[in-house]
Amino acid sequence: MSVRWGIIGCGRIARSFVRGIEKLPDTQVVAAASQSLKRAQAFGADCGVPAVYGDYEEMLAREKLDAVYIATTHNFHYENARLCLNYGRSVLCEKAFTVNAAQAAGLISLARKKKLFLMEAMWTRFLPCTIRLRELLQDGVIGEVTHLKASFGVCFKTWPWHRIRSKKLAGGALLDLGIYPVSFARMIFGQSPAEITSHAKLGWTGVDETSEYFFSYPSGARAELFSSFRKAVPHDAVLTGTEGTIHIPDFFHSSRMTIDRRGAASETLEIPYEPTGYQYEAAEVAACLREGRTESAVMPLDETLEIMRTLDTLRAQWGMKYPGE
């Protein structure tokens, strides 16, 4: 089965997706659409996409597509994904999956009703290093994980009207950057936190510029997480277990980890990924479609919904709402 992709949203991340899946066999991007035809045409010329549109619905009506990758800003994910599902198209939707859990639940219900594939594009879940990490934890290489510390902070020198500052576009550090450590914690501990405390610094546009989250789990394990688009910090994750630690530099696009175990020499594993890394999530979509599965076991929909509920809880603690909520 050759997988024919369509793309909604013709920005930077969509370009990375196209470059990544060029490496996959029996996979091709056949169409792309933007709200601006000029933007779509530039994207098509740069990325070698044969058909481009200035209207999403026109692309869905005209093109024979097996899946659609949604790469628009957060505020449009729900309506874009819903449109695709109603046209009978499988969907890979960028993180954060939606603006809130209610929207996520609506998309999941629709996809299950129509028996269509749907997945959140948490691309880091599918990187070789992340897969190896899950294997090591399952094998108990550091015993039971009792603590996680993970940060994703950058200093964006953005214009005041940049999307990450915009409430209208569901901006802020949490949905754009914090989603990585939050999703990583959900993967490590296999469940949502039992207790959540947090604090955030809201900027003049009303979105979180810097935010910290503290999660507690029924086992007594804890996670300390941080995100910011105003403060640069190392993008590291440190897992502490009953038998040792694992340090992962740049955990959100990991290619290396160092394991320190009691009574053993420190061991560093180099597990690089091929640029751009987006091909791994696309390969998962293709495998699911070929096997007739409507969900990924690596990034299941119920887990995506749990993560969105955690994000909702955090924003509620800050009194931060997006338009329409």
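We're numbering straight along the sequence, starting at 1.
Neither Val29 nor Val52 shares a network with the other; the hydrophobic side chains, linked directly or stepwise wherever heavy atoms of I, L, V, M, F, W or Y lie under 4.5 Å apart, form separate groups for each. The cluster map of Ile, Leu, Val, Met, Phe, Trp and Tyr, joined by side-chain heavy atoms under 4.5 Å apart, puts Ile108 and Ile70 in the same cluster. There is a path of hydrophobic side-chain contacts, each under 4.5 Å, that joins Phe117 to Leu85. Taken together through direct or relayed side-chain contacts under 4.5 Å among Ile, Leu, Val, Met, Phe, Trp and Tyr, Tyr180 and Phe226 form parts of separate hydrophobic clusters. When the side chains of ILVMFWY residues are joined at heavy-atom separations under 4.5 Å, either directly or via intervening members, Leu148 and Phe252 end up in a single hydrophobic cluster.
Atom OG of Ser109 sits about 11.0 Å away from atom CG of Leu118, to the nearest 0.5 Å. Here Leu110 contributes atom CG and Tyr78 contributes atom OH; the two are 7.5 Å apart, rounded to the nearest 0.5 Å. Atom-to-atom distance recorded for Arg293:CZ and Glu284:CD is 5.5 Å, nearest 0.5 angstrom. The line from CE of Met299 to OG1 of Thr304 is 3.5 Å long, rounded to the nearest 0.5 Å. Thr310 contributes atom OG1, which lies 4.5 Å from atom CD1 of Ile196 (distance to the nearest 0.5 angstrom). Taking OH from Tyr213 and OG from Ser198, the interatomic distance works out to 8.5 Å, rounded to the nearest 0.5 Å.
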Determine whether Glu274 and Tyr280 satisfy the following criterion, side chain to side chain donor-acceptor pair (under 3.5 Å), listing intermediate values before the conclusion. CA-CA 9 Å; Glu274 294 290 329; Tyr280 300 106; 5.9 Å; no
- request: Walk me through it: do Ile21 and Tyr278 pass the test side-chain contact (heavy atoms from CB on, under 4.5 Å)?
  value: CA-CA 7 Å; Ile21 68 172; Tyr278 288 86; 5.6 Å; no
Determine whether Val68 and Tyr56 satisfy the following criterion, side-chain contact (heavy atoms from CB on, under 4.5 Å), listing intermediate values before the conclusion.
CA-CA 11 Å; Val68 178; Tyr56 303 151; over 6 Å; no
| task | List the steps, then state whether side-chain contact (heavy atoms from CB on, under 4.5 Å) holds for Phe17 with Leu92. | result | CA-CA 11 Å; Phe17 183 81; Leu92 174 65; 3.8 Å; yes
| task | Before giving the answer on side-chain contact (heavy atoms from CB on, under 4.5 Å), spell out for His74 and Tyr322 the whole-Å C-alpha distance, their side-chain angles and the decisive distance to 0.1 Å. | result | CA-CA 11 Å; His74 306 137; Tyr322 292 117; over 6 Å; no
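Taking the side chain as every heavy atom from C-beta outward, Ser266 and Thr258 approach each other to under 4.5 Å. Looking at His247 and Asp236, their side chains come closer than 4.5 Å, going by heavy atoms from C-beta outward. Looking only at side-chain heavy atoms (C-beta outward), Arg165 and Glu209 come within less than 4.5 Å of each other. In this structure, His77 and Gln103 have side chains that are not in contact, with every pair of non-hydrogen atoms separated by 4.5 Å or more. Side chains of Glu120 and Lys95 form a contact here, defined as non-hydrogen atoms less than 4.5 Å apart. No side-chain heavy atom of Ile13 sits less than 4.5 Å from a side-chain heavy atom of Trp123. When side chains are defined from C-beta on, Val91 does not count as touching Leu116, because their heavy atoms never get closer than 4.5 Å. No side-chain heavy atom of Glu195 sits less than 4.5 Å from a side-chain heavy atom of Phe214.
Looking at Arg89, its side chain does come within 3.5 Å of a backbone N or O of Leu60 through a donor-acceptor pair. No side-chain donor-acceptor contact under 3.5 Å links Lys167 to the backbone of Val207. Put simply, the side chain of Asn86 gets close to the backbone of Arg82: a donor and an acceptor are under 3.5 Å apart. With Thr276 contributing its side chain and Ser16 its backbone, the two residues share a donor-acceptor pair below 3.5 Å. A donor-acceptor pair is defined here as one N or O able to donate and one able to accept, closer than 3.5 Å; such a pair exists between the side chain of Asp66 and the backbone of Arg4. Judged by distance alone, the side chain of Thr242 and the main-chain N or O of Glu144 form a donor-acceptor pair under 3.5 Å.
Comment: Glu135 engages Arg132 in a salt bridge, judged by a side-chain N to carboxylate O separation of less than 4.0 angstrom. Using a 4.0 Å cut-off between charged nitrogen and carboxylate oxygen, Asp312 and Arg315 count as a salt-bridge pair.
In terms of heavy-atom proximity, Ser34 sits nearest to Cys10 at CB-SG, 3.9 Å. Considering all non-hydrogen atoms of both residues, Asn100 and Thr98 come closest at O-OG1, 2.7 Å. In this structure, Met119 and Ser296 approach most closely via the heavy-atom pair SD-CB, 3.4 Å. In this structure, Ala32 and Ala40 approach most closely via the heavy-atom pair O-CB, 4.5 Å. Across all their heavy atoms, Ala101 and Met308 have their closest contact at CA-CB, 3.8 Å. The two residues Gly178 and Pro181 come nearest to each other via the heavy atoms O-CD, 3.1 Å.
His235 is linked by a side-chain hydrogen bond (donor to acceptor under 3.5 Å, both in side chains) to nothing, counting only residues two or more places apart in sequence or in another chain. With sequence neighbours left out, the salt bridge (charged side-chain N to carboxylate O under 4.0 Å, His left out) criterion links Arg125 to Glu303. For Asp208, the side chain to side chain contact (heavy atoms under 4.5 Å, CB included) criterion is met by Ala173, Leu174, Ala200, Leu202, Ser211, Trp318, Met320, not counting sequence neighbours. Judged as a salt bridge (charged side-chain N to carboxylate O under 4.0 Å, His left out), and not counting sequence neighbours, the contacts of Asp46 are Arg15. Contacts of Lys38 classified as side chain to side chain contact (heavy atoms under 4.5 Å, CB included), with partners at least two apart in sequence or in another chain: Ser36. Arg290 is linked by a side chain to side chain contact (heavy atoms under 4.5 Å, CB included) to Met1, Val3, Asp26, Thr27, Ala286, counting only residues two or more places apart in sequence or in another chain.
Side chain to side chain, Thr240 and Thr146 fail the donor-acceptor criterion of an N or O pair below 3.5 Å. Side-chain atoms of Gln279 and Tyr273 form no donor-acceptor pair, as typed in the model, at a separation below 3.5 Å.
No more than 12 heavy atoms of other residues, nucleotides or ligands sit less than 6.0 Å from atom NZ of Lys231. Atom NZ of Lys149 sits in a sparse spot, with 12 or fewer heavy atoms from other residues, nucleotides or ligands closer than 6.0 Å.
Ring geometry for Tyr69 versus Trp5: interplanar angle over 60°, hence perpendicular rather than tilted (30 to 60°). Taking the six-membered ring where the residue is Trp, Phe152 and Phe251 present perpendicular rings, their angle passing 60° and hence far from 30°.
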